[in-house]
Number of protein chains: 2
Amino acid sequence: MSGREFGRELSTAVVAFHEAVGAHLGVTAVDQRALALLAAKGPMTAGALAREIALTPGAVTGVVDRLERAGLARREPDPADRRRVVVSAVEDAFGEVFAGLAASMAEVVDRYDEAEQRAIADFVTRTVEVLRRETRRLTGTGDAG
Amino acid sequence: MSGREFGRELSTAVVAFHEAVGAHLGVTAVDQRALALLAAKGPMTAGALAREIALTPGAVTGVVDRLERAGLARREPDPADRRRVVVSAVEDAFGEVFAGLAASMAEVVDRYDEAEQRAIADFVTRTVEVLRRETRRLTGTGDAG
DNA sequence: CATTTTAGTTCAGTGTACTGAAATATCAGG
DNA sequence: CCTGATATTTCAGTACACTGAACTAAAATG
């Protein structure tokens, strides 16, 4: 199998899994992007989230509604400014969904010796960098998830 | 960075790239799933494609319309049965879009010695298997892209 | 305090992709 | 041939997320 087929298979599998998770939990792709942002950058106000994902405040209400309904995020009033709503990703919210995946991936990683694991980790890190760069190139924006 | 964060970063980056490609070419996530199927299983009729991606024939017309408009797939009449339309993925249709990615990934892979490359390839293969299994678990169907 | 600004939600309108059914074209059987 | 079955497209209706604007609430300003 060529490296190219390789990447395509991985990409397809990742996307299929992502879609399945979304369908299972009743959230859209955009919702999941918002959640990833919250997980990566920590809690932020609804307005900040709107700017980050380039959506209107009205749309963000819907995004957070769905994430909350799925138990993936929480709304909390900002005690310092009661107009504001702070949205945060629920810790380990994917627990049930990701439990099997995490366990299986741990098993997979366990198969390799230390040097191999270093190579794999390095490969993944560099792959992520490449993907982000190419995503920026396509979108023209500085935002690459 | 834990293995967990790791996977999430890769997943997010892959999905973001996938979305960017779709937006760039004017095709939906479903369209891309259909295209991946055509690339993997070879040309098939519109009806077969409809069954594979679990959509009505009417919806498939739209899917193929968009793929054709983007230059990613082709419609051809079946000479043996002129009611049928055979849909095929255009070879190297992603050329322009994926050129940068392919080159960068080749560079990345080049950094590792033979043993490391073997470990990486094995890791990717097993990861794809795990993802497909977990996708099946979530959807309950036998279809995991 | 009254006024202006800011934050978020609500809501009507819009765009898009899907379903289900009707229409069109072709094949297969009597 | 004529009839019934099959393959795809077309089309009206539906579902859903997004936009833009009005609305509510709270903070900042003077």
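Numbers restart at 1 for each chain; the letters A, B, ... are given by sequence-line order, proteins then strands.
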*Between dG8(C) (C1') and L55(A) (CG): distance, integer Å*: 14 Å

*Mind calculating the distance between CG (D78(B)) and P (dT9(D)) to the nearest angstrom?*
13 Å

*Selected nucleotide, minimal atom distance to T61(A) side chain, candidates dT8(D), dT9(C), dT19(D)*: dT9(C)

*NA contact type, G62(B), heavy-atom cut-off 4.0 Å: base, sugar-phosphate, or nothing?*
nothing

*asked:* What I want to check is whether the side chains of T125(B) and D122(B) have a donor and an acceptor closer together than 3.5 Å.
replied: no

*Compare side-chain N and O positions of R66(B) against OP1 and OP2 of dA17(C) and report whether any pair is under 4.0 Å apart.*
yes

*Ignoring the backbone of A59(B), work out which of dT19(D), dT9(D), dT19(C) is nearest its side chain.*
dT19(C)

_Under 3.5 Å, is there any donor-acceptor pair linking the side chain of R83(A) to the base of dT6(C)?_
yes

*Across the strands shown, which category fits V30(B) at heavy-atom distances under 4.0 angstrom: base, sugar-phosphate, nothing?*
sugar-phosphate

_Whole angstrom value for the distance that separates C1' of dA7(C) from CD of E76(A)_ = 17 Å

*Look at the side chain of D81(A) and decide which nucleotide, out of dC27(C), dG8(C), dA26(D), has an atom nearest to it.*
dA26(D)

_How many whole angstroms separate atom CZ of R82(A) from atom C1' of dT6(C)?_
15 Å

*Using whole Å, report how far CG of L67(A) lies from P of dT9(C).*
13 Å

*How many Å lie between CZ on R84(A) and C1' on dT9(C), as a whole number?*
17 Å

*Looking across every strand, which nucleic acid part, if any, lies under 4.0 Å from A46(B) by heavy atom: base, sugar-phosphate, or nothing?*
sugar-phosphate

*asked:* Quick one, R137(A) and H24(B) - any side-chain contact, counting heavy atoms below 4.5 Å?
replied: no

*Using the closest heavy atom to pick a nucleotide of DNA chain D for each, name whichever of P79(A) or V63(A) lands nearer the 5' end.*
V63(A)

*Rounded to the nearest angstrom, tell me the gap between atom CZ in R75(B) and atom C1' in dA7(D).*
13 Å

*Nearest-nucleotide wise, let me know which of V60(B) and T28(A) is further upstream toward the 5' end of DNA chain D.*
V60(B)

*Whole Å only: how far is the CE atom of M44(A) from the C1' atom of dA7(C)?*
16 Å

*Using modelled atom types only, decide if a donor and an acceptor are shared between the side chain of S104(A) and the backbone of G100(A) within a distance under 3.5 Å.*
yes

*For R111(A), does the CZ atom sit with more than 12 other heavy atoms under 6.0 Å from it, leaving out its own atoms?*
no

*Quick one: does R66(B)'s side chain get under 4.5 Å of T28(B)'s, heavy atoms only?*
yes

